[in-house]
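Step one of this worksheet: look at the structure below.
Reckoned from all heavy atoms, side chains included, excluding hydrogens, waters and symmetry mates.
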Amino acid sequence: GSTKLIVLHPSIPKHGGSTHRFCLLLFSSFFLFAFLFTLLTTRDAIPTTTINTAAATSAAASTSPLPKPIVDALLHYAASNSTPGHGHLSSAELKSVAAVLRRCPTTPCNFLVFGLTHETLLWNSLNHNGRTVFVDESSFLVTKLEEKHPEIEAYDLQFTTKVSDVDSLIADARDHLRNECRPVQNLLFSDCKLAINDLPNHIYYVEWDVILVDGPRGYFPAAPGRMSAIFTAGVLARSKGGGGAKTHVFVHDFERTVERVCSDEFLCRDNLVESIDSLGHFVLETMDAKITEFCPNSSSSSSSSS
């Protein structure tokens with residue numbers, strides 16, 4: 001038979017294959033890590049962006065004023081249900097206050113109102129997203145308002161002044177113009193007879209942008225009159241430490257003697273920018289604490305009148 005030859009070759013290790021597998025494993029691991037990193041960061045970024053956008057939209061909505069069509073509708077219905085001459089504001093007067101609230105110097109707007117009236121709910125609605133505070137002489141009316149509208153901030157106040165005492169009260173204020181009745185001060189610590197100093201403490205630290213004096217009653221000699229409200233509005237406007245530098249002060253029933261005389265004395269005729277029907281509109285700026293005259297640049301100032 002034939003002879004079969006078996007040849008045995010020595011085994012040669014394949015170092016090149018092992019190196020190739022290691023590089024492939026390293027390459028795959030890198031791409032797997034990159035994929036997972038991208039997946040995780042993208043997943044976290046999408047909700048964050050969504051949340052931030054939603055928060056920004058919510059913040060803008062919370063400070064934006066009422067749309068003009070809604071304001072116009074509120075003014076229309078308020079005017080159509082009021083009777084000018086019976087303590088109600090006329091359509092032109094309502095629009096004057098509403099226009100200032102809409103272009104308030106700061107956002108949200110701080111609005112202080114003396115008197116609970118036919119327009120109370122309107123003022124609270126027009127100052128949308130702002131702070132509106134009401135002060136009235138009647139604890140009964142304040143309680144009723146709080147029961148029906150607990151979201152509205154209102155305080156009752158006991159006035160000690162009388163319309164019949166207006167001349168003596170103004171004379172006393174002039175006598176103490178450099179101390180207790182000065183135009184720039186913290187009313188919480190004032191002993192001026194015209195100063196309102198017994199409201200909740202936080203009221204005196206609010207930077208009021210708009211103040212409306214439509215109370216208390218002032219149409220008969222024994223009524224409290226609006227002397228204290230006008231004096232206090234003048235001091236609050238001049239003593240602001242922040243917010244807008246200007247304060248709009250409205251005085252209703254401006255044609256009456258007490259309202260006109262006290263406005264000339266403490267708000268100053270030079271600051272009267274508009275007079276519509278029975279509404280006087282003043283714009284006051286903050287004042288240096290060293291000044292001790294309400295109307296330093298006016299011929300009708302306290303100093304020249306005394």
Non-hydrogen side-chain atoms of [X] and [Y] separated by less than 4.5 Å:
{"X": "K162", "Y": "P221", "answer": "no"}
{"X": "E119", "Y": "D214", "answer": "yes"}
{"X": "M287", "Y": "P296", "answer": "yes"}

For this session: Please list, chain by chain and in numerical order, all residues satisfying ring pair (Phe, Tyr, Trp, His ring centres under 6.0 Å) with H248, sequence neighbours excluded.
Result: H281

Can [Y] be reached from [X] by stepping across I, L, V, M, F, W or Y side chains whose heavy atoms are under 4.5 Å apart?
{"X": "F189", "Y": "L157", "value": "yes"}
{"X": "L121", "Y": "L94", "value": "yes"}
{"X": "V235", "Y": "L188", "value": "yes"}
{"X": "V184", "Y": "L187", "value": "no"}
{"X": "F159", "Y": "Y219", "value": "no"}

Nearest-0.5 Å distance, [atom1] of residue [X] to [atom2] of residue [Y]:
{"X": "L112", "Y": "E153", "atom1": "CG", "atom2": "CD", "result": "10.0 Å"}
{"X": "T132", "Y": "L212", "atom1": "OG1", "atom2": "CG", "result": "11.0 Å"}
{"X": "R260", "Y": "L267", "atom1": "CZ", "atom2": "CG", "result": "13.5 Å"}
{"X": "E207", "Y": "L236", "atom1": "CD", "atom2": "CG", "result": "9.5 Å"}
{"X": "C181", "Y": "I170", "atom1": "SG", "atom2": "CD1", "result": "11.5 Å"}
{"X": "S139", "Y": "Y155", "atom1": "OG", "atom2": "OH", "result": "15.5 Å"}

For this session: Show the numbers, then the answer: is there a side-chain contact (heavy atoms from CB on, under 4.5 Å) between L126 and F111?
Result: CA-CA 10 Å; L126 289 179; F111 185 22; over 6 Å; no

For this session: Test V251 against R226 for side-chain contact (heavy atoms from CB on, under 4.5 Å), laying out the working first.
Result: CA-CA 9 Å; V251 178; R226 298 174 183 174; 5.8 Å; no

Taking all non-hydrogen atoms of both residues into account, name the closest pair between [X] and [Y] and its distance.
{"X": "I196", "Y": "F114", "result": "CD1-CE2, 3.7 Å"}
{"X": "I230", "Y": "C262", "result": "CG2-O, 3.7 Å"}
{"X": "H202", "Y": "R131", "result": "CD2-NH2, 3.0 Å"}
{"X": "F282", "Y": "L284", "result": "CB-CD1, 3.7 Å"}
{"X": "F250", "Y": "L279", "result": "CD2-CD2, 3.7 Å"}
{"X": "F254", "Y": "G280", "result": "CB-N, 3.7 Å"}

Problem set entry | Aromatic ring pairing H88/H118, orientation class (parallel under 30°, perpendicular over 60°, tilted between) | parallel

Seminar exercise, completed: Sequence neighbours excluded, the answer for side-chain hydrogen bond (donor to acceptor under 3.5 Å, both in side chains) partners of N124 is none

Exercise. Looking at residues at least two apart in the chain, or sitting in another chain, which of them share a side-chain hydrogen bond (donor to acceptor under 3.5 Å, both in side chains) with R238?
Worked result: none

Exercise. Taking it one step at a time, do T232 and F266 satisfy side-chain contact (heavy atoms from CB on, under 4.5 Å)?
Worked result: CA-CA 9 Å; T232 297; F266 305 117; over 6 Å; no

Problem set entry | Pair listing, side chain to side chain donor-acceptor pair (under 3.5 Å) test, anchored in residues 188-197, at least two apart | Q185-S190

Exercise. Would E274 and S96 count as a side chain to side chain donor-acceptor pair (under 3.5 Å) if you check the C-alpha gap in whole Å, the side-chain angles of each, and the deciding distance to 0.1 Å?
Worked result: CA-CA 9 Å; E274 186 180 39; S96 178; 3.1 Å; yes

For this session: Check the pair D156, E146 against side-chain contact (heavy atoms from CB on, under 4.5 Å), reporting the backbone distance first and the verdict last.
Result: CA-CA 11 Å; D156 63 278; E146 291 175 335; over 6 Å; no

Problem set entry | Partner residues of L116 under the side chain to side chain contact (heavy atoms under 4.5 Å, CB included) criterion, sequence neighbours left out | T120, F134, D136, L141, V142, L145

Side-chain donor/acceptor of [X] to backbone N/O of [Y], under 3.5 Å:
{"X": "W208", "Y": "V249", "result": "no"}
{"X": "D209", "Y": "N110", "result": "yes"}
{"X": "T161", "Y": "P224", "result": "yes"}

Problem set entry | Residue F220 excluded, over 12 heavy atoms near CZ under 6.0 Å | yes

Exercise. Is the count of non-hydrogen atoms from other residues, nucleotides or ligands lying under 6.0 Å from Q158 atom CD greater than 12?
Worked result: no

Problem set entry | Other cluster members, V273 - Ile/Leu/Val/Met/Phe/Trp/Tyr, side-chain contacts below 4.5 Å | V283

